[in-house]
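To start, the structure under review is shown below, and the notes come after it.
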Amino acid sequence: MEDSPNDRLHFGIMGFGCEHYRRRCQIRAPCCNEVFPCRHCHNETTTILPLLKQSTLRNIFDRHELVRQDVKHVICSVCDTEQPVTNYSHHYNYSYEMITQCFYQTEKEQFHCDDCGICRVGGRENFFHCKKCGSCYGIGLRNNHRCVEDSMRHHCPICYEYLFDSLKETTVMKCGHTMHCDCYHEMLKRDKFCCPICSRSVIDMSKTWQRMDEEVEAISMPSDYRDKKVWILCNDCNDTTQVYFHIIGQKCGHCRSYNTRAVAPPVLPQ
């Protein structure tokens, strides 16, 4: 007996797809003419060297990423029919999840952000779009973060994955720059407490500066260096000052930070 239109409409929902999206169609990548469950599967295959041997890609120059708006054909996962991108299967009368717009997955509380131009997960009520940063952030960061123009439209400074449409969780540091949460915590585990981009301290370092004060007091410099002065630039407040040189470190006279570096003396106007 032939299935009713309503049966066909709901047939196979959540039964097909990949780890990224549960949907009933695959895409044909126009860049390499290969079939993939989604653009993320394509990008993982074509940008990771260990997987190159398992695909038709033969060398590092075959690395590339799929532009989702360029997808022109999809393949039905139920009947294997290939057709132009559309909302409907021509063979089975059910609705495709949109390839170039939203992939509706209610269990992930998916929503479409018009400003981002892509879908996000986690519930619209839990996010807001920051116009200056150029991306959606959790509502906990509303009026509570330093804005950096298009900060999310860059690569993670640790793993160099593009952050804007990354599937991994991201974090905004005190300086306003962003990176993956996993990369951030790994950086702290390795005792790296400065932003890889601007060198600003990413956590409260006041206790560390206090310990360094104690070390400076305890260690006297040789007479040759006791009165030596150097110009420093503070990475935390961007102030330039002249201070006494010490082997432990040079302390900013403005914000009291030791996150500084020696610079040339400022050029005075003639």
Side-chain angles (χ1 to χ4, degrees), residues 19-20 40 43-52 60 63 65 120-122 127 130 132-138 140-141 144-219 221 230-241 243 245-264:
E19 61 178 304
H20 307 110
H40 297 294
N43 292 343
E44 288 175 359
T45 301
T46 58
T47 57
I48 300 177
L49 279 174
L51 298 180
L52 292 179
I60 193 171
R63 285 184 170 187
E65 292 190 355
R120 303 289 187 188
V121 297
F127 292 86
C130 179
K132 186 170 183 179
C133 295
S135 183
C136 289
Y137 288 149
L141 290 174
N144 190 32
H145 72 283
R146 181 190 293 266
C147 285
V148 174
E149 189 170 359
D150 289 335
S151 62
M152 283 291 289
R153 296 180 183 270
H154 293 280
H155 297 81
C156 173
I158 301 297
C159 69
Y160 211 64
E161 180 183 343
Y162 193 60
L163 290 170
F164 179 71
D165 56 1
S166 173
L167 299 180
K168 301 175 185 176
E169 186 178 358
T170 59
T171 185
V172 183
M173 294 177 284
K174 291 172 60 177
C175 58
H177 292 119
T178 53
M179 68 167 65
H180 289 127
C181 285
D182 290 343
C183 294
Y184 174 78
H185 293 303
E186 184 66 25
M187 181 181 74
L188 297 184
K189 281 170 56 178
R190 297 176 182 273
D191 297 329
K192 304 296 184 183
F193 305 117
C194 298
C195 171
I197 299 174
C198 66
S199 298
R200 185 186 177 98
S201 299
V202 298
I203 61 174
D204 182 10
M205 299 290 290
S206 57
K207 291 184 178 180
T208 301
W209 305 154
Q210 184 177 356
R211 289 196 298 270
M212 293 181 70
D213 279 339
E214 296 170 356
E215 292 184 33
V216 169
E217 288 291 331
I219 300 176
M221 293 296 292
V230 292
W231 284 94
I232 60 168
L233 171 65
C234 179
N235 294 321
D236 287 341
C237 71
N238 291 323
D239 193 28
T240 302
T241 53
V243 299
F245 172 80
H246 199 283
I247 192 172
I248 296 300
Q250 281 63 247
K251 184 176 183 176
C252 174
H254 181 252
C255 70
R256 323 304 290 174
S257 168
Y258 279 94
N259 182 17
T260 62
R261 49 184 163 173
V263 294

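Starting from 1, each residue takes its place in the sequence as its number. It should be emphasised that the depicted structure is a prediction, and the values quoted were computed from it without experimental measurement.
- The distance from atom OH of Tyr160 to atom SG of Cys183, rounded to the nearest 0.5 Å, is 13.5 Å.
- Residues Val202 and Leu188 meet the side-chain proximity criterion, which asks for heavy atoms closer than 4.5 Å.
- Between His145 and Tyr137, the two ring planes are perpendicular [angle over 60°; tilted spans 30° to 60°].
- Residues Arg153 and Tyr162 are in side-chain contact: their nearest non-hydrogen atoms beyond the backbone lie under 4.5 Å apart.
- Around the NE2 atom of His155, the shell of radius 6.0 Å holds more than 12 heavy atoms that belong to other residues, nucleotides or ligands.
- The shortest distance between side-chain heavy atoms of Asp239 and Cys255 does not fall below 4.5 Å.
- Contact check for Cys130 versus Cys147: side-chain heavy atoms found under the 4.5 Å cut-off.
- Inter-residue side-chain proximity for Thr208 and Phe193 is flagged as unmet; no heavy-atom pair is nearer than 4.5 Å.
- When all heavy atoms of Ser257 and Trp209 are compared, the pair lying nearest together is OG-CZ2, 3.4 Å.
- Under the 4.0 Å criterion applied to side-chain N and carboxylate O atoms, Arg256 and Asp213 are not assigned as salt-bridge partners.
- With respect to Arg190 and Glu186, a salt bridge is recorded, a charged nitrogen being found less than 4.0 Å from a carboxylate O.
- A donor-acceptor contact shorter than 3.5 Å is absent between the side chain of Asn235 and the backbone of Arg261.
- Rounding to the nearest 0.5 Å gives a distance of 7.0 Å between SG of Cys175 and CZ of Arg200.
- Judged by distance alone, with hydrogens and angles left aside, the side-chain atoms of Thr260 form a donor-acceptor pair with the main-chain N or O of Gln250 at under 3.5 Å.
- No donor-acceptor pair under 3.5 Å is formed between the side chain of His177 and the backbone N or O of Met173.
- Between the side chain of His246 and the backbone N or O of Ile248 there is at least one donor-acceptor pair closer than 3.5 Å.
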*In sequence, state the C-alpha distance, the side-chain angles, and the governing distance for Val243 and Val230, and then conclude on side chain to side chain contact (heavy atoms under 4.5 Å, CB included).*
CA-CA 6 Å; Val243 299; Val230 292; 4.3 Å; yes
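- Leu163 CG to His180 NE2: the interatomic distance, rounded to the nearest 0.5 Å, is 5.0 Å.
- Using a 4.5 Å cut-off on side-chain heavy atoms (C-beta onward), Phe164 and Asp150 make no contact.
- Under a 3.5 Å cut-off, the side chain of Thr178 and the backbone N or O of Ser151 do form a donor-acceptor pair.
- Taken from CG in Asp236 to SG in Cys195, the straight-line distance is 11.0 Å, to the nearest 0.5 Å.
- Heavy-atom minimum distance, Ile197 versus Pro157: CG1-CB, 4.0 Å.
- Other residues, nucleotides and ligands place more than 12 heavy atoms under 6.0 Å from the NZ atom of Lys174.
- Judged by distance alone, the side chains of Ser206 and Asp204 do bring a donor and an acceptor atom under 3.5 Å apart.
- The environment of Glu215 atom CD is dense: over 12 non-hydrogen atoms of other residues, nucleotides or ligands sit within 6.0 angstrom.
- Residue Asn259 holds its CG atom at 9.5 Å from SG of Cys237, rounded to the nearest 0.5 Å.
- With contacts defined as side-chain heavy-atom distances shorter than 4.5 Å, the pair Ser166/Cys156 does not qualify.
- Once rounded to the nearest 0.5 Å, the distance linking CD1 of Ile232 with CZ of Phe245 reads 12.0 Å.
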